[in-house]
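Report on one structure; see the data block that follows.
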Amino acid sequence: MPDDWAAFGADLHLELRGTRLRAGLMDALREAVRSGRLEAGTRLPSSRSLAADLGTARNTVADAYAELVAEGWLTARQGSGTRVARRAEPRDRPRHRAPTPPATATPVHNLKAGTPDLAAFPRADWLKAYRRALTTAPDEAFGYGDPRGRPELRAALAEYLARARGVHARPERIVVCAGFAHGLTLLGQVLRDRGVRAAAVEPYGLGLHADVLARAGLETPALPFDERGTRVEELPSLAGCGAVLMTAAHQFPLGGALPPDRRAAVVDWARASGGLVLEDDYDGEFRYDRQPVGALQGLDPERVVYLGTASKSLAPGLRLAWMVLPEGLADEMTAVKGTVERASSAPDQLAFAEFLRSGAYDRHVRAMRLRYRRRRDQLVAAVAAHAPATRVGGIAAGLHAVLTLPPGTERPTLRAAARHGLAVQGVSHYRRPTATPSPDALVIGYATPSDSAWPGALEALCGVLP
């Protein structure tokens, strides 16, 4: 261990050129101790000799030493001079740095479901809408505002949802939230406050959504499933169940639409039991073989909570979603949201309202519908040509497709995909723990790659299919 200044002096001198010598001296000494260039016990030069060396007043060096002693960086004893203090090491600090684990390889192609083509976000049209919205926004729009969201957006949403999705909506029944999970969190709290003990979920779906309801204190029993979809006729047998979460227009991830008789049955259950249907209409605008199926909410606006989002039609980064609530639930939801406010920003809400009113949103959805339909058609054709043992299932809708594989091949196919830099998930990833396993399959998000990346992603996918 060095006992003098010699090994360090030149470096310190180089760092102290300038006018703020005292501050520079203190910073240089702290950094030298941190980096290990001045080890514990190293004796520093006297204030007189260092001042002469630096060409400054002795008091400047003495004051710097005194402050560093007070901070614990240095020690000073009569007859022993000023030395670098010994600093205790954390008890759990390893003596030798552990080897850095190898970085996880970034996939070459991403075919995970749930994300639109982010490169297709309509930046120019959005910027125009943003500018118009900010130019005309009232001053009060930049305050805390109504927990339900900006009135301009709620009015624009009421008109759009009635026209495009068959939703019975009035602005006062719409609550804007920061994404679907945010809205579901609020709903879970309201349901629990109402005394609901359980909210049923579909046997296949995003685990995150069931977790959100569970964190609200609700049980989340999974309904059974058959070749026609979720068996809603089992709802009356679930004790304490006061709600059911469904993707009726396009089941995620299996890809079917709830048949008309089961749509009617789940609404009948809600009427008879006083329960609520929580309708996740995450990609309802995207149907390719026919007009989109209307929202379930249209069958009974007082028993169905409609949840929509801009995450699939525009971009998840906007954090824009909405709930259309039954009359008796709207005030409760507003009160709960007002106490845990996490809303989207007012300028973004105003811009989206302008985007809707101007027709830019309709034009964007039409353009993306054509783009995604082409991709799905290309996926179907490529799979038929290169992997005839694989079948593309589900309705022609949304941003993903299900590729049913030969029995026993899901895991080997996923391993092959990982080796080839292809990010994709199997259907088993979305299965609830109590659900009956479905046939082996991949869930392919064909909307996720950009236009330039899509051909390569499709080729890589066909290369790993059995």
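Keep in mind it's a predicted model, so treat the numbers as computed, not measured.
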Glu459, CD atom: more than 12 neighbouring heavy atoms under 6.0 Å: no
Heavy atoms from other residues, nucleotides or ligands near CZ of Arg163 exceed 12 (cutoff 6.0 Å):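 Yes, the 6.0 Å shell around CZ holds more than 12 heavy atoms from other groups.
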Asp193 vs Glu332, side chain to side chain contact (heavy atoms under 4.5 Å, CB included): CA-CA, chis, key distance, verdict: CA-CA 10 Å; Asp193 291 345; Glu332 293 176 60; 5.9 Å; no
Sequence neighbours excluded - ring pair (Phe, Tyr, Trp, His ring centres under 6.0 Å) pairs with any residue from residues 229-248: none
For the residue pair [X] and [Y], establish whether any side-chain heavy-atom pair is separated by less than 4.5 Å.
X: Arg194; Y: Leu276; answer: yes
X: Phe121; Y: Leu318; answer: yes
X: Cys177; Y: Leu184; answer: no
X: Arg262; Y: Glu233; answer: yes
X: Leu258; Y: Gln251; answer: no
X: Phe352; Y: Leu314; answer: yes
X: Glu285; Y: Pro292; answer: no
X: Arg303; Y: Asp268; answer: no

Measuring from [X]:[atom1] to [Y]:[atom2], what's the distance to the nearest 0.5 Å?
X: Thr185; Y: Arg215; atom1: OG1; atom2: CZ; value: 6.5 Å
X: Thr220; Y: Leu245; atom1: OG1; atom2: CG; value: 10.0 Å
X: Met333; Y: Arg148; atom1: CE; atom2: CZ; value: 13.0 Å
X: Leu223; Y: Leu235; atom1: CG; atom2: CG; value: 5.0 Å
X: Arg376; Y: His400; atom1: CZ; atom2: NE2; value: 9.5 Å
X: Asp300; Y: Arg271; atom1: CG; atom2: CZ; value: 4.5 Å

Evaluation steps, side chain to side chain contact (heavy atoms under 4.5 Å, CB included), between Arg228 and Asp261: CA-CA 11 Å; Arg228 300 182 67 238; Asp261 60 322; 2.8 Å; yes
Criterion side chain to side chain contact (heavy atoms under 4.5 Å, CB included) on Leu187 and Met323, from CA distance to verdict: CA-CA 10 Å; Leu187 279 168; Met323 296 178 280; 3.8 Å; yes
Donor-acceptor contact present, side-chain Glu219 to main-chain Arg197, <3.5 Å: no
Distance-only donor-acceptor check, side chains Ser428 and Glu410, under 3.5 Å: yes
For the student: nearest non-hydrogen atoms of Ala351 and Trp126, plus distance: CB-CZ2, 3.9 Å
Minimum-distance pair of heavy atoms, taken over all atoms of Pro116 and Ala315: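 In terms of heavy atoms, the two residues are closest at CG-CA, 4.4 Å.
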Whether Phe180 and His209 hold their rings parallel, tilted or perpendicular, with breakpoints at 30° and 60°: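 The arrangement is tilted - the two ring planes meet at 30° to 60°.
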Mutual orientation of the aromatic rings belonging to His250 and Tyr282 [parallel < 30°, tilted 30-60°, perpendicular > 60°]: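 Parallel.
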Chi angles and distances behind the side chain to side chain contact (heavy atoms under 4.5 Å, CB included) call for Thr230, Val266: CA-CA 10 Å; Thr230 303; Val266 72; over 6 Å; no
Pairwise side-chain hydrogen bond (donor to acceptor under 3.5 Å, both in side chains) hits with a residue in residues 437-446, at least two apart: Tyr204-Ser438
Pair Tyr160 and Trp322, ring centroids less than 6.0 Å apart: no
Presence of salt bridge, [Y] and [X], under 4.0 angstrom:
X: Arg375; Y: Asp377; result: no
X: Arg319; Y: Asp348; result: no
X: Arg131; Y: Glu354; result: no

